[in-house]
Amino acid sequence: MSLRNCRNVKVLEVSPVGQSKTAGGFFELRLENPDWDGWKPGQFVMIRPASWELDMLWARPFSISSGDKASVSLLIQAVGRGTRRIAELRPGDTVAMWGPLGNSFAVEPDTPTLLLAGGIGIAPFRGYVEQHPHPENLALFLAHRLPLDCYPYELLSKTVSSRCMLEAKPSDLNCIIDTMRELIREYADKGGLVLSCGPTPFMRTVQRFAAEFGARAQVSLENRMACGVGACLGCVTKDGEGHHVQVCTRGPVFWADKVEL
Amino acid sequence: MSLRNCRNVKVLEVSPVGQSKTAGGFFELRLENPDWDGWKPGQFVMIRPASWELDMLWARPFSISSGDKASVSLLIQAVGRGTRRIAELRPGDTVAMWGPLGNSFAVEPDTPTLLLAGGIGIAPFRGYVEQHPHPENLALFLAHRLPLDCYPYELLSKTVSSRCMLEAKPSDLNCIIDTMRELIREYADKGGLVLSCGPTPFMRTVQRFAAEFGARAQVSLENRMACGVGACLGCVTKDGEGHHVQVCTRGPVFWADKVEL
Amino acid sequence: MDMQVNFGGLFLKNPVMTASGTFGFGLEFAPYGDLKRLGGIVAKGLSLKPREGNPMPRIAETPCGMLNAIGIQNPGVEHFVTKALPALPWKDVAVVANLYACDAEEFGELAGVLAGEEGVAALEVNVSCPNVKEGGIAFGQDPAQIGRVTEAVKKRAGNKHVMVKLSPNVTDIAVCARAAAEGGADSLSLINTLSGMAVDIRNRKPRIANVIAGLSGPAIKPVALRCVHQAVRAVDIPVVGIGGIASAEDALEFLLVGAQAVQVGTANFLRPDFAFGLADEMAALLETIGAASLDEFRGSLQLPL
Amino acid sequence: MDMQVNFGGLFLKNPVMTASGTFGFGLEFAPYGDLKRLGGIVAKGLSLKPREGNPMPRIAETPCGMLNAIGIQNPGVEHFVTKALPALPWKDVAVVANLYACDAEEFGELAGVLAGEEGVAALEVNVSCPNVKEGGIAFGQDPAQIGRVTEAVKKRAGNKHVMVKLSPNVTDIAVCARAAAEGGADSLSLINTLSGMAVDIRNRKPRIANVIAGLSGPAIKPVALRCVHQAVRAVDIPVVGIGGIASAEDALEFLLVGAQAVQVGTANFLRPDFAFGLADEMAALLETIGAASLDEFRGSLQLPL
Ligand SMILES: Cc1cc2nc3c(=O)[nH]c(=O)nc-3n(C[C@H](O)[C@H](O)[C@H](O)COP(=O)(O)OP(=O)(O)OC[C@H]3O[C@@H](n4cnc5c(N)ncnc54)[C@H](O)[C@@H]3O)c2cc1C
Ligand SMILES: Cc1cc2nc3c(=O)[nH]c(=O)nc-3n(C[C@H](O)[C@H](O)[C@H](O)COP(=O)(O)OP(=O)(O)OC[C@H]3O[C@@H](n4cnc5c(N)ncnc54)[C@H](O)[C@@H]3O)c2cc1C
Ligand SMILES: Cc1cc2nc3c(=O)[nH]c(=O)nc-3n(C[C@H](O)[C@H](O)[C@H](O)COP(=O)(O)O)c2cc1C
Ligand SMILES: Cc1cc2nc3c(=O)[nH]c(=O)nc-3n(C[C@H](O)[C@H](O)[C@H](O)COP(=O)(O)O)c2cc1C
Ligand code: FES
Ligand code: FES
């Protein structure tokens, strides 16, 4: 009746990402594809390893980064207890997975489209680039804190025009913000589309400049989630009218002028 | 200041036991030896894998089955959640271990000594046989419910005179009880020593016949434990005077006439 | 095994209900299983007017549990009646409305709105509101108020079954249970969440904007079982067990101490298809452990003399 | 970082104490660490006469927690004074006696026996006795009784610091806290265990012979934090936080909500050397998170306006 389902799937592969390998705690998790008809970039899955038993009750949400008939790939940064334990999974382990969940990024094949990624916010853009009919209309900007070779940057930079900036010291941040300002102004001017994914302060910056220059921009939120299906109301954000709406079902992608961050 | 300590040790090996391998869920867990000066057969350790984090709070008690300067071996049957998760440990995993704990079986080198084991109760007797100065004075009787090749029987039967009986149907139990009766009577008559380890009903049978024939007999109890060090008072049994005493520190070995089962 | 239950005029195909606030209006879970496989669906808490609920953050994970202070965000009872209820398969699964208000009159009004709705099988009265005010005693912790609210709902509920949901944050759950029974409750459901809190030592703030929140999940199961045990012995009306159920075995534990049915809450977040198979698993487990029937098993806990 | 604490005349080298009933008389743990590294040792519950405690089974594991109904098995206060106390390094670590009785007179008598013991730094009054009677309300759940017991102990305690240990199984912990403070308590410690239960669906029996038991461990930490938060705001006397502490971070959470010190209970069972290193780990963590000092950090929780 629906594309979504919940299945036990097997882990196919857990592999470090980037040339520096495990340094930044980035890895790619490849799981069996549980009979999906399809998915759209920006959508996510909830995954919960069977080995968690009763401690850590909640599954964790991750953007679908790539996938085909056989497998689903997630790009994950180990930041806490859950993601660290996910990094320890081995091929053959069982994971409960439900999805594809949520809405997706706007795709306008012929519109110049800027992808703004903060750190692991790059994950959904891999799929976006892969599925986009005209990748020559895409440009990627990655703001990163760890050395570039920690990130799955090359997966995208081979296909689309890409730029990246390291935030190592406070003054770097100003450079990044200035660059984002210029980029967003540029895309506003040419009637382009700005899509962004990253930590909340990063999203706020996008939102601010999009408003300033009237850019059509989308932000993808990473609110903490319990159910992922719209039931618990733990992940809500405020929409344009100040009403609480679920990020998992009404998002994770919002038009920047239709959400309070 | 004491032989006992608590250390993080590494798992060296987890190997199925018996010819039928994993069939009965029996395995040998070999751990780094955490600088012990020595241990005595009948003593036990508490182990708690680091991976348990906060769910399953208690360590699990296991008899020391064998050991040298480099390693400590436990023979374990997977019967519940904890032992099943212990069976999934892999070399290199970290386990908190404290011990050696509790008292030990009587050793009288020149006395004919009967070892009565119920199922995995055979575990401490492996060490007993290995450390005994005159194994020719030892005889082992194993009562078992699963096929013999599930048990670490051969580890002992090569060294000491051994017998075993399968309890497959109710009438087998009567045979076993009759045999135990005859054996205990025999050892009572010749002034021997009877040592036993197994499930509580098995221990009760030993206790009953030891009383009937005046045999000097010891039983090793397997009460559920939380702390293993005498503090929680969760493992108590009644001593000869009806007082609650800790199995972990006052036992696990008791003279059969000095404990209520 | 026959898993039907029938108490106080409420018929359930099986003893598995989903707990309020953890299953939305039910429709959110339709992609993950057939709603008709459930014994009952307790809808998320309803108030007379729409509520935006508490500020964020509202949820936090704790050892084997979670905290929530959603603050009964809901679109109001009218929306439920006109939009959600018609979309639910209420002929094949008992749909229970969960009522939230902060005084007896408002509870009565809510009951009045729902009394005439054919699709509503029962009203569950949430007298707990543990999330809503920091500190202080919720009115659901006061037996006199529990009695008053129950009477008010009963008076306006027509022939609907009225289930009163009790808070565990009380000195004596038996007194609260009796207050609800004397107020005319057709059944009790318990427990609601335990009052709890979590803080972040790095930013030195509460992890929940509301500061005090409700603890649920496997961590609280021992408290829930104790409360159900005490309630079953305190009153003659049926009791529905809630709290930390995450397996068929957990569910049977509540039946063993005497519950007629159970509600599954937080476990719906572990995986969205959790509740659908539970009744079948319970039936299979009952056979495995040699129970003759659900009735034979229910309440058969052997207490020491 | 300086970790000393000093409240109501009680000096602790660091804020880590071990909780009553989980650390024996302390000596059981001597093989696993230097007792002098602890801020304090609360000895197992003491009664006037020796007690055999409850029948077995007395303990059960639960999700992230455990149940116990030991029933205050102990060799009596006399044994403690003559046998255990002299063997403890009480000059270098605060030894706190935990008093158990079921009426005010007996509490007074116990205090009288201990008041003259140089080795005893403080008396902790266990008014909770949650394990002892099935159902029914323990007298420690009644504020009036808490006040009466506190007075009785205070009257006979000489110049000993009197710490009153509160039960979380009450409708309003603030009322209990105030009752103890008004009774003259020098400090409060909380929480004791939550009242809980576990059953075995296979043999259809309670997993604890006493049926009702006390829940402890990480599962209850959110409830403990909430209670400590409420107690700190209800009274002016110092508060010691207890409940589910299993890491330095957990311990700091209790200090953040305003506790002066903490007690570690069930975590001593996770590994017997747990408590010894905790104060050092807390100090290191305080530096990591940028706290200027223990005093600066304590109670610095920022509440929403
Ligand atoms: C729709 C969506 C898509 C996502 N896609 C990806 C992805 O593709 N790759 C990826 O690596 N991560 C992604 N995330 C974030 C990821 O879900 C979290 O990093 C993960 O849940 C953290 O779990 P943990 O147990 O490791 O961290 P915890 O131990 O629970 O927390 C560690 C720290 O991270 C913070 N934190 C935890 N979860 C979040 C969150 N959701 N947002 C902000 N802070 C958080 C905590 O407050 C804490 O400070 C996504 C999140 C959402 C909602
Ligand atoms: C001193 C001592 C020495 C031991 N030596 C060994 C040994 O060498 N090898 C070995 O395999 N086992 C030994 N045991 C038993 C072992 O500790 C238990 O099997 C183990 O703790 C079970 O943990 P679990 O989580 O797998 O079982 P759980 O899931 O906790 O329980 C599974 C089932 O086993 C029962 N059970 C659990 N623990 C015990 C127990 N201690 N006694 C009786 N029933 C129990 C439970 O009631 C339940 O029915 C010993 C026990 C003690 C006290
Ligand atoms: C996110 C969340 C929201 C809840 N909302 C409600 C509610 O609106 N009304 C209500 O009566 N109970 C509510 N509850 C309580 C549950 O219905 C249930 O009583 C409690 O969670 C204990 O059960 P559990 O441990 O199975 O979750 C809520 C619980 C959670 C976790
Ligand atoms: C096995 C056990 C025995 C206990 N005995 C006592 C006792 O004798 N007196 C007392 O005041 N508290 C007793 N307690 C309660 C603890 O001191 C503590 O308040 C409670 O366990 C909560 O802390 P925790 O979660 O760190 O264990 C006992 C707890 C346990 C687990
Ligand atoms: S995660 Fe539950 S509503 Fe979004
Ligand atoms: S296991 Fe704690 S006293 Fe024996």
Side-chain angles (χ1 to χ4, degrees), chain C residues 55 60 62-65 67 134-137 141-142 169-172 174 194-206 209-213 215 217-230 233 244 246 249 252-253 255-257 285 289-291 297 300-304, chain D residues 55 60 62-65 67 134-137 141-142 169-172 174 194-206 209-213 215 217-230 233 244 246 249 252-253 255-257 285 289-291 297 300-304:
Chain C
T62 69
C64 289
L67 287 166
E134 191 208 329
I137 297 308
Q141 294 169 283
D142 173 354
N169 303 304
V170 296
T171 304
D172 193 346
L194 278 169
S195 178
M197 183 170 165
V199 298
D200 183 335
I201 60 163
R202 289 173 184 81
N203 67 15
R204 304 196 188 184
K205 286 186 186 156
N210 191 58
V211 186
I212 308 281
L215 182 65
I220 71 167
K221 194 186 68 175
V223 175
L225 272 173
R226 186 262 304 170
C227 289
V228 170
H229 172 81
Q230 291 175 331
R233 274 151 193 80
E249 177 151 353
L252 291 187
E253 289 170 5
L255 300 191
L256 182 62
V257 302
L285 184 51
I289 64 175
F297 180 74
S300 67
L301 182 71
Q302 295 161 34
L303 292 174
Chain D
T62 68
C64 288
L67 288 166
E134 189 211 329
I137 297 309
Q141 294 168 283
D142 174 356
N169 303 304
V170 296
T171 303
D172 193 347
L194 278 170
S195 178
M197 183 171 165
V199 297
D200 183 335
I201 60 163
R202 289 174 184 79
N203 68 17
R204 304 195 187 185
K205 287 185 186 158
N210 191 59
V211 185
I212 309 283
L215 183 65
I220 70 167
K221 194 186 67 172
V223 176
L225 272 174
R226 185 265 302 171
C227 289
V228 170
H229 172 80
Q230 291 175 330
R233 273 146 194 85
E249 176 152 354
L252 291 187
E253 289 170 3
L255 301 191
L256 182 61
V257 302
L285 185 51
I289 64 174
F297 181 74
S300 67
L301 182 71
Q302 295 160 35
L303 292 176

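Everything numeric here is computed off the predicted structure, so don't read it as measured data.
Heavy atoms of V257(C) lying under 4.5 Å from chain D belong exclusively to its side chain. Both the backbone and the side chain of L225(D) come within contact range of chain C, with heavy atoms under 4.5 Å apart. Using a 4.5 Å cut-off between heavy atoms, L256(C) touches chain D through its side chain atoms alone. For I201(C), the parts lying under 4.5 angstrom from a heavy atom of chain D are both the backbone and the side chain. In this structure, chain D has a heavy atom under 4.5 Å from the side chain of L285(C), while its backbone stays farther away. Both the backbone and the side chain of S300(C) come within contact range of chain D, judged by heavy atoms closer than 4.5 Å.
The side-chain contact (heavy atoms from CB on, under 4.5 Å) test applied to A291(C) returns L286(C), E296(C), F297(C), R204(D), not counting sequence neighbours. Residues that satisfy the side chain to side chain donor-acceptor pair (under 3.5 Å) test with E249(C), not counting sequence neighbours, are R202(D).
The distance from the NZ atom of K205(D) to the CG atom of L303(C) is 11.0 Å, given to the nearest 0.5 Å. Taking OG1 of T62(C) as the start and CD1 of I220(D) as the end, the distance is 12.0 Å to the nearest 0.5 Å. Residue D200(C) holds its CG atom at 10.5 Å from CD of Q302(D), rounded to the nearest 0.5 Å.
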**OP:** In sequence, state the C-alpha distance, the side-chain angles, and the governing distance for Q141(C) and D172(D), and then conclude on side-chain contact (heavy atoms from CB on, under 4.5 Å).
**Re:** CA-CA 9 Å; Q141(C) 294 169 283; D172(D) 193 347; over 6 Å; no
**OP:** Report the C-alpha separation of R226(C) and L67(D) in whole Å, then their side-chain angles, then the decisive distance to 0.1 Å, and conclude whether the side-chain contact (heavy atoms from CB on, under 4.5 Å) test is met.
**Re:** CA-CA 12 Å; R226(C) 186 262 304 170; L67(D) 288 166; over 6 Å; no
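Across all non-hydrogen atoms, the minimal contact from P304(D) to V211(C) is CD-CG2, 3.7 Å. The minimum heavy-atom distance between Q230(D) and I212(C), with the atom names listed, is NE2-CD1, 4.2 Å. Closest of all the heavy-atom pairs between L301(D) and P206(C) is CD1-N, 3.7 Å.
Interface summary for chain D: among G244(C), P222(C), G196(C), the most heavy-atom pairs under 4.5 angstrom belong to P222(C).
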